[in-house]
Amino acid sequence: MASFKSDFMRIVHERGMVHQCSDAARLDELLASGIRTAYIGFDCTADSLHIGHLMQIMLLRWWQKTGHKPIALMGGGTTKVGDPSGRDETRQLLTAEQIDANMASIKTSFANYLTFGSGPTDAVMANNADWLDTLLYIPLLRDVGRHFSVNRMLTMDSVKLRLERDQPLTFLEFNYMVLQSYDFVELYRRHKCIVQMGGSDQWGNIVMGADLGRRMESAELFALTSPLLATASGAKMGKSVGGAVWLNPARLTPYDFWQYWRNAEDADVGRFLKVFTDMPVGEIARLEALKGQEINEAKKILATEVTRLAHGAAAAEAAADTARRTFEEGARAEALPTIEVPRARLAAGIAAYELMHEAGLAESRTEARKLIKGGGGRLNDKPIAADSATVGEGDLDSSGTLKLSAGRKRHVLVRAV
């Protein structure tokens, strides 16, 4: 590994968070000689980010922790176009109201990771709608469009993928890389931002932005991307059996978030601790060297540390305590995810597979049936005998609740109302 002068470059390389960097030596030199500004863009296609975005947020966190100024750029403008990167089909267009609502919800995810304010290294949250919404078409074509070669644009992965698979690419989407590149120019003008970071699938777009800044402003700009992370078994980060692992607690409870990390594969523990926490690498090396049952203690630390950053210390400790009481003491912890069901429905009897699906323990009724047939469906900690079994009022405890489980690690309380 290269020897770096700046703390940021040393730390992110040491923790395996860098895939590519344009002129790493020059960027390292600039970071070692003063406060610099970097940004990462987040489009507002949903009302929450998920853990597929988490490495990007951690890059901004390390940027700030090492004495520099981070910008979290909200894609209020680019979301109206839709990023074609890595997609076979056109994204559904959202209304301005939907985008604004998503943006407001997403902003809350950054509170525990970054310190916002007006100081020299305080984070800034910007919205590219502030400049993209006011652009005029002919001036954009003359001032910005003339710097783009269509030949080069056709070689970009986001475009090439669609063309190779004979999938339509709208002219609207084709403009996305122009607008993303222009964001870099505007952030350089407004904040002297010299670095754009992002996932490795964004490399082409980021490099084009740096090139546009050189052409329009004679600016020295840099690109830095992180690797696209997968689990040791090859699964894409950001997904679980129940769907996306969201950062917004309204989408996914802190307890379920904690459980996702607790269930990490043994081979992923060290890597995840380096990327998704700011624990010292020496302590991480000790934890990832644990074997057998001891690795479970490292997984609990991983789960608690990642949840602490995402949801705060109190929520992380509550999730860890709930898990301990549920699994180690056999208690029915009230902090478990809970759904409410009319008592009259239970009195009539509900198919067990139906209730497991409603509780979010299976993505479909068919999957719930398979889970039960395979012995993975549990009612009040006992295996459900058959996929034709029903759940009734007699399964409630004295407080009017029952516990449904998918395997031994995912649980939901059902409360009669």
Side-chain angles (χ1 to χ4, degrees), residues 1-19 28 31-32 51-68 70 109-115 121 123 197 224 226-233 235 237-238 245 247 254-325 327-328 409:
M1 186 181 294
S3 177
F4 293 106
K5 303 173 187 174
S6 68
D7 288 340
F8 176 80
M9 292 292 275
R10 175 181 55 79
I11 288 169
V12 294
H13 279 83
E14 185 178 51
R15 299 178 88 94
M17 298 173 74
V18 178
H19 179 66
D28 180 50
L31 294 179
I51 62 168
H53 300 103
L54 201 47
M55 195 188 308
Q56 311 311 316
I57 298 174
M58 289 302 295
L59 280 172
L60 290 177
R61 180 175 172 82
W62 280 116
W63 189 265
Q64 185 172 50
K65 282 171 69 75
T66 54
H68 302 285
S109 294
F110 292 92
N112 288 322
Y113 293 93
L114 302 174
T115 301
T121 64
M197 301 186 287
L224 187 148
S226 62
L228 293 181
L229 211 57
T231 65
S233 60
M237 288 293 293
V245 184
L247 299 184
Y255 174 80
D256 283 335
F257 186 83
W258 189 95
Q259 277 294 329
Y260 174 84
W261 299 101
R262 168 62 181 84
N263 294 333
E265 297 174 43
D266 292 1
D268 285 328
V269 172
R271 202 162 49 118
F272 288 177
L273 282 166
K274 286 178 183 175
V275 171
F276 300 116
T277 80
D278 41 23
M279 290 179 65
V281 290
E283 175 63 7
I284 292 171
R286 184 189 71 79
L287 291 171
E288 77 178 317
L290 296 175
K291 303 295 181 185
Q293 287 299 312
E294 288 186 329
I295 195 69
N296 289 325
E297 294 307 310
K299 291 181 183 182
K300 291 174 189 175
I301 292 170
L302 167 68
T304 301
E305 286 300 307
V306 180
T307 306
R308 179 181 62 79
L309 284 175
H311 299 296
E317 291 305 323
D321 186 58
T322 297
R324 178 181 57 77
R325 290 190 287 127
F327 305 122
E328 295 173 16
K409 293 181 179 179

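Just so it is clear, the model here is predicted, and its values are computed rather than measured.
D278 and R308 are joined by a salt bridge, as a carboxylate oxygen and a charged side-chain nitrogen come within less than 4.0 angstrom of each other.
Using modelled atom types, no side-chain atom of E265 and backbone atom of T231 make a donor-acceptor pair closer than 3.5 Å. Side chain of D321 to main chain of E317: no donor-acceptor pair is present (N/O by atom type, distance under 3.5 Å, no hydrogens or angles). Between the side chain of K299 and the main chain of A264, a donor-acceptor pair closer than 3.5 Å is present. Judged by distance alone, with hydrogens and angles left aside, the side-chain atoms of E305 form no donor-acceptor pair with the main-chain N or O of L273 at under 3.5 Å. Using a distance-only test at 3.5 Å, with no hydrogens or angles considered, a donor-acceptor pair links the side chain of H13 to the main chain of M9. A donor-acceptor pair is defined here as one N or O able to donate and one able to accept, closer than 3.5 Å; no such pair exists between the side chain of R262 and the backbone of A303.
Summarising the geometry of T121 relative to P70, their closest heavy-atom pair is O-CD, 3.7 Å, with the distance given to 0.1 Å. Counting all heavy atoms, side chain and backbone alike, L302 lies closest to W261 at CD2-O, 3.8 Å. In plain terms, the two heavy atoms of S6 and L31 that are nearest each other are CB-CB, 3.6 Å. Residues P227 and H19 come closest through the heavy atom pair N-CB, 3.5 Å. In terms of heavy-atom proximity, F272 sits nearest to L229 at CE2-CD2, 4.1 Å. Heavy-atom minimum distance, L114 versus A123: CB-CB, 4.0 Å.
Inter-residue side-chain proximity for L60 and M197 is flagged as met; some heavy-atom pair is nearer than 4.5 Å. Proximity of T115 to Q64: side-chain heavy atoms (C-beta onward) are separated by under 4.5 Å at one or more points.
Within the model, atoms CE of M279 and CD1 of I301 stand 5.5 Å from one another, a figure rounded to the nearest 0.5 Å. The structure places CG of D7 at 9.5 Å from CG of D28, a figure rounded to the nearest 0.5 Å. Rounded to the nearest 0.5 Å, atoms CZ (F257) and CG (L247) are 5.5 Å apart. E297 CD to K300 NZ: the interatomic distance, rounded to the nearest 0.5 Å, is 4.0 Å. One distance of note links CZ of F276 with CG of D268; it measures 9.5 Å at 0.5 Å rounding. Here I284 contributes atom CD1 and E14 contributes atom CD; the two are 9.0 Å apart, rounded to the nearest 0.5 Å.
In summary, of the residues considered (K274, Q56, M55), a side-chain contact (heavy atoms from CB on, under 4.5 Å) with M17 occurs for M55 alone. Screening V18, V12, I11 for a side-chain contact (heavy atoms from CB on, under 4.5 Å) involving R15 leaves a single residue, I11.
Using bins of under 30°, 30° to 60° and over 60° for the plane-to-plane angle, the ring pair Y255/W258 lands in the parallel bin. Taking the six-membered ring where tryptophan is involved, the planes of W63 and H68 are tilted, since the angle between them lies from 30° to 60°.
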